[in-house]
K.L.:
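Could you have a look at this structure, given as structure tokens, before my questions?
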Amino acid sequence: MVEGSQKKNLINKKGLRVDGRKPDELRSTKFEIGLLEKAMGSAYVEQGKNKIIAAVYGPRETHPRHLALQDRALLRCRYHMAPFSVEERKRPAPSRREIELSKVIGEALEPAVFVDLYPRASIDIFIEVLQSDGGSRCASISVASLALADAGIPLRDLVASCAAGKVDGEIVLDLNDDEDKLGEADLPVALMPQSESITLLQMDGNFSQKEFESAFNLALKGCGQIYDLQKQALKEKYSIKKEVLEDLEGEKEE
Amino acid sequence: MPLTVEDRQLVTPGDLLAEVDYKAGENTYSENDKIYASKIGIVGSRRNIVHVIALRGFYTPQVGDIVIGKVVDINLGGWVLDINSPYQAILFVSEVFERSFNPRKDELSEVFNIGDMILAKVSGFDRTRDPALTLRGRGLGKITHGRIIEMTSAKIPRLIGKKGSMIDMVKKGTGCQIAVGQNGRVLVRGKREEDVAFTIKIIRKVEEEAHTSGLTNRISELIKKEKM
Amino acid sequence: MVDSSEIITNVMERRITKLLVQDKRLDGRGLTDYREIKVETGLIEKADGSALVSLGNTKVLVGIKVDVGEPYPDTPDEGVQTVNAELVPLASPVFEPGPPKEDAIELARVVDRGIRESKAIDVKKLCIIPGKKVYIVFIDVYVLDHDGNMIDASAMASIAALAISKIPVYEVKKNGEIEITTKKSLPLNDYPIAVTIAKIEDSLLVDPSLEEENMMDTRLTISLNNNNDICAIQKGGIGTLKKNDILNAANIAQKKAKEIRKIVKGK
């Protein structure tokens, strides 16, 4: 985080940001569901220049066996960036940042999953960032949540995630890479909107108490918008014409 | 009090389905007297139980289910099978051999080897152990010929139909033997290659159009046309 | 004709061999037919070049990143080409997280050989200051969905990505420093294509699907350049090949490479 109060012209005189957005505007976000053949559930997101793919395998037998938990499923999450995803080529081996993000993203998703239903099994979530432009952990959580739903794993709710921050002294929503690097604070948040339960909260930079509250509320609003987009994507993928549906219960249900 | 969503609507995890008056059925959960969907699917209700028919899901074994499993491992206790579910299934040696007989591992592989497909029934399953299979039942055992296709297990009930109505119609109409595994695997056997291929086409169609109206009629028409 | 979701089993393997006797394959293809090829380029803007290839259900994404570095001591006036392949776990239930294992390394090196031996990248044109500064071209192969024949898909994606790559042009200033002035196309001299042929019993089939790969005796990958010269060969798997197999395979590869090059370039 660059300190100091000098303006960096990330917000112009009209109050617009470098990419033309208003302070409380989300980047253009598009979700795609079920694009991979082999994974049990998959989803893809383009949020601004972020391009992230998530896949879910599971519940399935835990390998190696000794890691299995007796009373619930083991949820493992791997956040990984492709070498070509950033300006300076990144070495393929997981960095400390990727390992930390793997942990917090997994912890952001697990509360939504009914892990108790599958003791001894494991649910593996793989996230590959094909192109990164700020806020990739939030986009990763949102897209992985859709991959979990696509895999048919029972969930309490989808998890929607968005970040807010401070740039040139202004509270803004959904920071891109430049804003993240040059701005004064970054606050990623994830939540299960139905129960308003927050599953991820991190912050770095500098906020006054008031600024924090402001940013936090803005991030929650952003999460709400993401949630709507997630549900829309699921509905579009699985929509069925509204006709009178046949009674679907077969032999088993009686 | 009615549902908070329209009956037969497409719902996603976390959608509120009903408040008070209702009980949580399949693919839903309740919290603070409210019932929510836990999977993507179509909401429905019967009496006061609200449920969601999942459009995406995987097979969870239930005692009594007929399944088609693939042998993936052999140990001294018996055979380990992949039944396309979170858990692998076990076929104990005692299901095949008399109690007094203590076979060696290579003797076991002569009976069922890795890669073999077995039609079996789930005889036991609970939270603490992997599902157990039995071969006691008509037609159960190693599958030696025919074609096995895999489909979404969530749509198997549609393929079977109410009291077997759909699958019986397909069997009669194609002349093929069809064994439907609850775990989303279906075995098709027929005298002629074309009959088997046609049967698979019908199964695919049922899978794709499982939730639309008029499917039974369309399948019936398809069969009639082919016969001509 | 087979349904794409049929399970690989002993029953299935017998079917595959039975069909092969009639020169037919599970998915209805002929022995020398490739699955549908789709190519999309430039989708990763931050990369200097990128291409996503679908070969049937197999999907491979290649990203090109060009950097500046020191040349190898024995080739002081040549740029450096390096290929890395990741079989990321999301692509298949059989891939595990971790550093590349032998399959990934073989894949990278086979793709590398095809490009290097055909001299596709004009490394002589990638020198900035001889002995000190040259371009380093990173070719990163990312398998996203594994349904058989990752090698050919990776080779296609690599050359397609290189063909649209832009590299910064460096000007050497009087004080010896280098500075970026503009961007130009990566200098490409050739368009190598890899053709992988699997041997099952006595049949040779191109572009093996996952089921065919799981039961094949062995495979042969042949890379050809624009001139239809063979610039790289790799036998993979524990089976054996007879001399005729190899000569026949080379023949098949020559015909297929031309066709595939047209398809991949055309997009």
Side-chain angles (χ1 to χ4, degrees), chain A residues 34-44 46 48-61 63-64 76-94 98-99 102 122 124-134 136 140 143-144 147 151 176-177, chain C residues 4-5 42-52 54-69 82-100 104 108 136-148 150 157 161 165 168 209-210:
Chain A
L35 62 159
L36 294 180
E37 182 71 26
K38 289 280 168 273
M40 289 151 86
S42 59
Y44 171 67
E46 284 184 5
K49 292 198 194 139
N50 281 316
K51 290 185 162 120
I52 301 172
I53 192 168
V56 168
Y57 284 91
R60 57 178 177 175
E61 291 276 341
H63 286 296
R76 294 183 287 201
C77 179
R78 181 179 187 256
Y79 166 95
H80 183 246
M81 297 174 75
F84 43 76
S85 61
V86 284
E87 256 342 302
E88 286 273 327
R89 179 184 181 263
K90 185 201 153 288
R91 283 162 179 269
E98 284 164 298
I99 294 173
S102 299
S122 59
D124 293 315
I125 304 170
F126 299 112
I127 297 163
E128 293 289 342
V129 179
L130 304 178
Q131 185 165 267
S132 173
D133 195 52
S136 69
S140 296
V143 73
N176 64 24
D177 198 36
Chain C
S4 62
S5 64
L43 51 162
I44 308 290
E45 306 104 68
K46 288 203 175 183
D48 296 307
S50 57
L52 173 68
S54 301
L55 174 57
N57 286 323
T58 295
K59 297 175 188 70
V60 178
L61 173 66
V62 169
I64 310 288
K65 289 295 259 181
V66 179
D67 203 353
V68 174
T82 169
V83 181
N84 182 55
E86 295 280 323
L87 303 185
V88 289
L90 61 66
S92 167
V94 304
F95 293 165
E96 286 170 7
I136 317 271
V137 180
F138 290 96
I139 301 169
D140 284 297
V141 176
Y142 235 56
V143 176
L144 297 179
D145 213 347
H146 171 34
D147 201 28
M150 292 185 285
S165 290
S209 65
L210 186 62

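A note on names: the letters A, B, ... follow the listed sequences, proteins ahead of strands, and every chain is numbered from 1.
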K.L.:
Is the shortest side-chain heavy-atom distance between N50(A) and S132(A) below 4.5 Å?
P.N.:
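N50(A) vs S132(A): side chains touch.
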K.L.:
Less than 4.5 Å to any heavy atom of chain A: does that hold for the side chain of V66(C), its backbone, both, or neither?
P.N.:
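Contact with chain A: none, neither part.
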K.L.:
Count the heavy-atom pairs under 4.5 Å between each of L36(A), I125(A), L35(A) and chain C, then report the option with the highest count.
P.N.:
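The option with the most such pairs is L36(A).
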K.L.:
Is Y57(A) reaching over with its side chain to a backbone N or O of S92(C), donor-acceptor style, under 3.5 angstrom?
P.N.:
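It does hold such a pair.
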K.L.:
Check step by step if side-chain contact (heavy atoms from CB on, under 4.5 Å) holds for V141(C) and M150(C).
P.N.:
CA-CA 10 Å; V141(C) 176; M150(C) 292 185 285; over 6 Å; no
K.L.:
Is A93(A) in contact with chain C via its backbone, its side chain, both, or neither, using a 4.5 Å heavy-atom distance?
P.N.:
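When you check distances to chain C, no heavy atom of A93(A) falls under 4.5 Å.
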K.L.:
Using heavy-atom distances under 4.5 Å, tell me whether E45(C) contacts chain A through its side chain, its backbone, both, or neither.
P.N.:
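Both parts, backbone and side chain.
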K.L.:
Under a 4.5 Å heavy-atom cut-off, does chain A meet the side chain of N84(C), its backbone, both or neither?
P.N.:
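When you check distances to chain A, only side chain atoms of N84(C) fall under 4.5 Å.
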K.L.:
Please answer whether the main-chain N or O of L210(C) pairs with a side-chain N or O of H146(C) as donor and acceptor at a distance below 3.5 Å.
P.N.:
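Side chain of H146(C) to backbone of L210(C): no pair is present.
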K.L.:
Pick one of side chain, backbone, both or neither for D133(A), based on which atoms fall under 4.5 Å of a heavy atom in chain C.
P.N.:
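For D133(A), heavy atoms of backbone and side chain both lie under 4.5 Å from chain C.
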K.L.:
Could you tell me which portion of R78(A) (side chain, backbone, both or neither) has an atom closer than 4.5 angstrom to a non-hydrogen atom of chain C?
P.N.:
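Just its side chain gets close to chain C.
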K.L.:
Taking Q131(A) for its side chain and K46(C) for its backbone only, find out whether a donor-acceptor pair lies under 3.5 Å.
P.N.:
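Yes.
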K.L.:
Is a side-chain N or O of S50(C) found less than 3.5 angstrom from the main chain of L43(C), in a donor-acceptor match?
P.N.:
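Here the side-chain-to-backbone pair exists.
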K.L.:
Salt bridge check, K49(A) against D177(A): does any charged N sit closer than 4.0 Å to a carboxylate O?
P.N.:
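No.
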K.L.:
With heavy-atom distances below 4.5 Å as the criterion, would you say the side chains of V86(A) and M81(A) are in contact?
P.N.:
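When only atoms from C-beta onward are counted, M81(A) and V86(A) do touch, with a gap below 4.5 Å.
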K.L.:
Among D67(C), D147(C), D48(C), which residue forms the greatest number of heavy-atom pairs with chain A at distances under 4.5 Å?
P.N.:
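Highest number of heavy-atom pairs under 4.5 Å: D147(C).
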K.L.:
Could you tell me which portion of P99(C) (side chain, backbone, both or neither) has an atom closer than 4.5 angstrom to a non-hydrogen atom of chain A?
P.N.:
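Neither part.
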K.L.:
Chain A heavy atoms under 4.5 Å from K65(C): which part of the residue, side chain, backbone, both or neither?
P.N.:
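K65(C) touches chain A through side-chain heavy atoms alone.
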K.L.:
Between I53(A) and chain C, which part of the residue has a heavy atom less than 4.5 Å away: side chain, backbone, both or neither?
P.N.:
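Contact with chain C is through both the backbone and side chain of I53(A).
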